[in-house]
2 protein chains.
Amino acid sequence: MKFEPVTIKQMARDLNLGISTVSRALHDSHEISEETKKRVVAYAKKLNYIPNPIALSLREKRNKSIGIVISQFNNPFCSQVVHGMESSFYSQGYQVSIVQTDESAEKEMKAIQYLSFRVDGLLVSISSETKNIDHLKDLYEKGMPIVFYDRICADLQTHMTISDNYRGAYEATRHLLDQGCRRVAFVGGAVTQSIVQERKAGYLQALEDGGINVDPKWIHYLPKGGVHYVETEVAMDRLMRLPKNKRPDGLLTAWDKVTADAYRYLRRHDISMPGELALIGFSNFPLTDFVSPSLSVVQQQSEKLGEVAAGQLLSLLQSKRKPAKFHTEVLMPEIIIRESSSKLSSGEKEPLKVKNKD
Amino acid sequence: MKFEPVTIKQMARDLNLGISTVSRALHDSHEISEETKKRVVAYAKKLNYIPNPIALSLREKRNKSIGIVISQFNNPFCSQVVHGMESSFYSQGYQVSIVQTDESAEKEMKAIQYLSFRVDGLLVSISSETKNIDHLKDLYEKGMPIVFYDRICADLQTHMTISDNYRGAYEATRHLLDQGCRRVAFVGGAVTQSIVQERKAGYLQALEDGGINVDPKWIHYLPKGGVHYVETEVAMDRLMRLPKNKRPDGLLTAWDKVTADAYRYLRRHDISMPGELALIGFSNFPLTDFVSPSLSVVQQQSEKLGEVAAGQLLSLLQSKRKPAKFHTEVLMPEIIIRESSSKLSSGEKEPLKVKNKD
DNA sequence: TTGTACGCGTTATCAA
DNA sequence: TTGATAACGCGTACAA
């Protein structure tokens with residue numbers, strides 16, 4: 001089966017008219033007789049004629065659409081971000097087309113190449129496997145408006161919107177210390193990801209400020225970024241099998257999926273939270289308030305992040321040339337303290353919210 | 001800013017060659033001298049030349065990509081389905097482009113129109129607001145391969161892949177009756193959705209088979225399909241404010257978001273599960289096993305559903321003409337019984353699984 | 001071995 | 001008021 005759309009040429013033949021006459025009729029030109037105009041419009045409607053946007057693209061070099069490159073929407077944070085982006089573009093008449101990379105560098109390259117000729121701008125969150133972004137750089141130098149969100153890439157100077165990962169991790173780690181934890185572990189996603197590095201930096205600084213000497217055994221990255229449960233499982237096994245005096249009593253997980261899987265691991269192995277291990281993690285999952293024990297999280301402003309990034313892209317789309325200056329917008333995540341990390345008063349209580357300053 | 005790609009014409013000018021010579025060189029034609037071939041290839045590589053797929057589309061009337069129309073990936077079921085679809089297409093060299101409709105009929109129409117000229121086939125799950133599918137029918141009649149998944153539309157005869165919603169709801173309702181419930185309520189999504197209707201039919205049949213007279217007050221649809229918490233809240237309020245002898249003691253929720261929101265409602269209002277109300281609902285949310293009380297669910301085979309639908313579309317893409325016969329693939333959901341619906345032995349216990357037969 | 005011309009579907013320009 | 005023609009980028013049949 002193949003789609004065979006109605007064309008102007010076809011209609012012109014059917015109506016015994018010139019191609020351009022038909023075109024003009026459909027564009028409501030004045031320089032055409034009322035009669036033929038009506039005849040053409042009626043026929044086009046009958047055949048459900050739609051101008052071929054591919055042909056228009058070729059001519060006008062404009063697609064009226066933008067592309068979003070996402071790692072996996074099988075991640076509430078990502079889907080929330082996309083939702084924030086879409087509303088902005090929709091109101092401006094842009095179509096939004098989304099492509100998943102599944103954390104694969106190869107898929108990412110293909111996805112970007114695919115989108116590049118079909119959209120007017122790109123919102124990109126780099127995959128965790130990606131090392132080489134020459135293809136993106138090249139695209140950018142040829143004039144493609146590109147905005148990074150969430151996971152940035154310092155090699156390419158353009159607008160970006162990110163969370164304050166450093167501070168989110170810093171405050172979360174500090175909270176664990178305040179609760180009496182002295183051996184705080186860190187399980188990140190992929191070592192290559194900007195967000196994981198920023199979060200680790202915040203974690204390390206909080207430990208240093210708290211006068212804690214970090215044991216390198218407390219720090220784990222996950223080879224494939226933590227997409228599968230087993231990765232987190234291996235890291236958790238290593239942590240929990242440390243001799244008792246080295247075993248962590250607190251844990252910061254630095255990626256949504258890892259947080260959920262660490263929680264799953266602890267419940268499966270009957271390791272009590274926060275008694276044996278206090279847990280707080282980056283997560284935008286729903287239902288974290290109803291699991292038992294309820295889960296403390298560092299929650300990003302996902303929708304807002306999407307909106308801000310969308311705004312940046314729209315401004316690039318409208319500007320005549322590459323702007324001289326680029327902005328990096330930073331959003332503060334919310335720290336929501338719940339049972340899984342509350343060692344001091346471990347009974348039920350209202351969750352304490354560290355609200356954003358802005 | 002605007003993307004200005006390198007073209008063959010540009011390179012031909014730069015190298016003082018004819019356009020077709022450049023084209024041939026890049027296609028490794030024999031009828032060309034080694035020297036010019038090398039020269040062209042080297043230059044193209046230097047400029048990172050990529051053939052314009054838009055121009056190729058126009059010429060070859062083939063896009064090597066397929067489109068997925070989804071309501072909202074802010075729904076684990078949907079993202080799982082998409083994941084299942086993608087792997088099939090990726091291995092066949094198709095790019096996958098995804099568009100969200102947000103349950104809006106207008107967005108759906110625009111999305112489909114947008115995709116129709118840019119992809120070779122369409123996987124569609126109809127939005128809950130959609131009443132008129134003339135645009136889809138028209139597309140289909142003009143040869144566009146279309147496969148429905150999850151939410152079907154009887155008006156259009158083509159391949160479909162769905163869950164056995166009827167049986168899933170039937171078994172779930174029956175389970176509630178087995179647990180001693182006598183007044184089982186039903187909260188669905190949008191009244192227009194095929195899946196909601198199928199699920200209601202299963203629910204009604206189970207009640208009839210159990211000798212229960214249905215009170216119409218037990219049945220609620222949600223105006224916008226339940227995308228927002230308030231919709232479920234209103235329905236739950238109505239149910240729980242019924243006089244005690246009419247108030248439901250069991251509840252089947254017929255859509256993922258509604259299930260999560262009903263659970264949220266019951267926890268917020270301190271209505272005990274399963275004591276005051278036994279709850280089971282359609283849901284593919286993660287973490288339902290760790291909420292407290294753990295949540296009984298009817299869980300669809302989401303990835304599988306995506307794979308099967310993808311297979312159907314691939315077969316349409318390969319077939320010469322419209323097939324004479326269309327298949328509807330039906331997948332049995334899993335019923336996972338947990339605490340929220342276990343009235344008989346309300347202590348901790350191994351979740352009982354009703355496994356699929358196939 | 002290379003260059004020219006055509007067609008894919010459109011719109012804009014020019015000529016009739 | 002209408003119709004033929006060029007252009008967008010590409011590949012290919014044909015001519016040189």
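Here is how names work: the chains are called A, B, and so on, in the same order as the sequence lines, proteins then strands, and each is numbered from 1. As a basis for the values below, the full set of heavy atoms in this structure was taken, side chains included, without hydrogen atoms, waters or symmetry mates.
- Taking the nucleotide of DNA chain D with the nearest heavy atom to each of B:R59 and A:S33, the more 5' of the two is matched to A:S33.
- The separation between A:I8 atom CD1 and C:dA12 atom P is 11 Å, rounded to whole Å.
- Look at B:K37 and you won't find any side-chain N or O under 4.0 angstrom from OP1 or OP2 of C:dT1.
- Phosphate contact (OP1/OP2 of C:dT10, side-chain N/O of A:Y49, threshold under 4.0 Å): present.
- The CD1-P distance, from A:I32 to C:dT11, rounds to 13 Å in whole Å.
- Among the nucleotides C:dG9, C:dG3, D:dG11, the one closest to the side chain of B:L17 is C:dG3.
- Judged by a 6.0 Å distance limit and a 45° cone about the ring axis, B:K64 is positioned over the six-membered ring of B:Y94.
- Side-chain contact between A:L122 and A:Y140: absent, with no pair of heavy atoms (C-beta onward) separated by less than 4.5 Å.
- For a distance-only test at 3.5 Å, the side chain of B:R24 qualifies as a donor-acceptor partner of the base of C:dG3.
- To the nearest angstrom, C1' of D:dT1 lies 17 Å from NZ of A:K38.
- Listed candidates were D:dC10, C:dG9, C:dG3. Nearest to the side chain of B:T21 is C:dG3.
- Between the side chain of B:S23 and the base of D:dG11, no donor-acceptor pair under 3.5 Å is found.
- The interatomic distance linking A:H30 (NE2) with D:dT2 (C1') rounds to 16 Å, in whole Å.
- Residue contacts shown for A:F117 are absent, as no nucleic acid heavy atom lies under 4.0 Å away.
- Here B:I54 lies out of heavy-atom contact (under 4.0 Å) with every strand.
- In terms of phosphate contacts, B:K61 brings a side-chain nitrogen or oxygen within less than 4.0 Å of OP1 or OP2 of C:dG9.
- Between A:I19 atom CD1 and D:dT5 atom C1' the separation is 10 Å, expressed in whole Å.
- The interatomic distance linking A:N63 (CG) with D:dG9 (P) rounds to 13 Å, in whole Å.
- A side-chain donor-acceptor contact under 3.5 Å links A:Q312 and A:T161.
- Distance check: B:L331 CG to B:I162 CD1 gives 9.0 Å after rounding to the nearest 0.5 Å.
- Whole-Å rounding puts the A:K142 NZ to D:dG9 P distance at 14 Å.
- A donor-acceptor contact under 3.5 Å is not formed by the side chain of B:S20 with the base of D:dG11.
- Contact check on B:E34 versus B:K37 returns a salt bridge, with a Lys/Arg side-chain nitrogen under 4.0 Å from an Asp/Glu carboxylate oxygen.
- Residue A:S57 is classed as having no contact, given no heavy-atom separation below 4.0 Å to the nucleic acid.
- Computed from coordinates, the A:K9 NZ to C:dG7 P distance equals 7 Å when rounded to whole Å.
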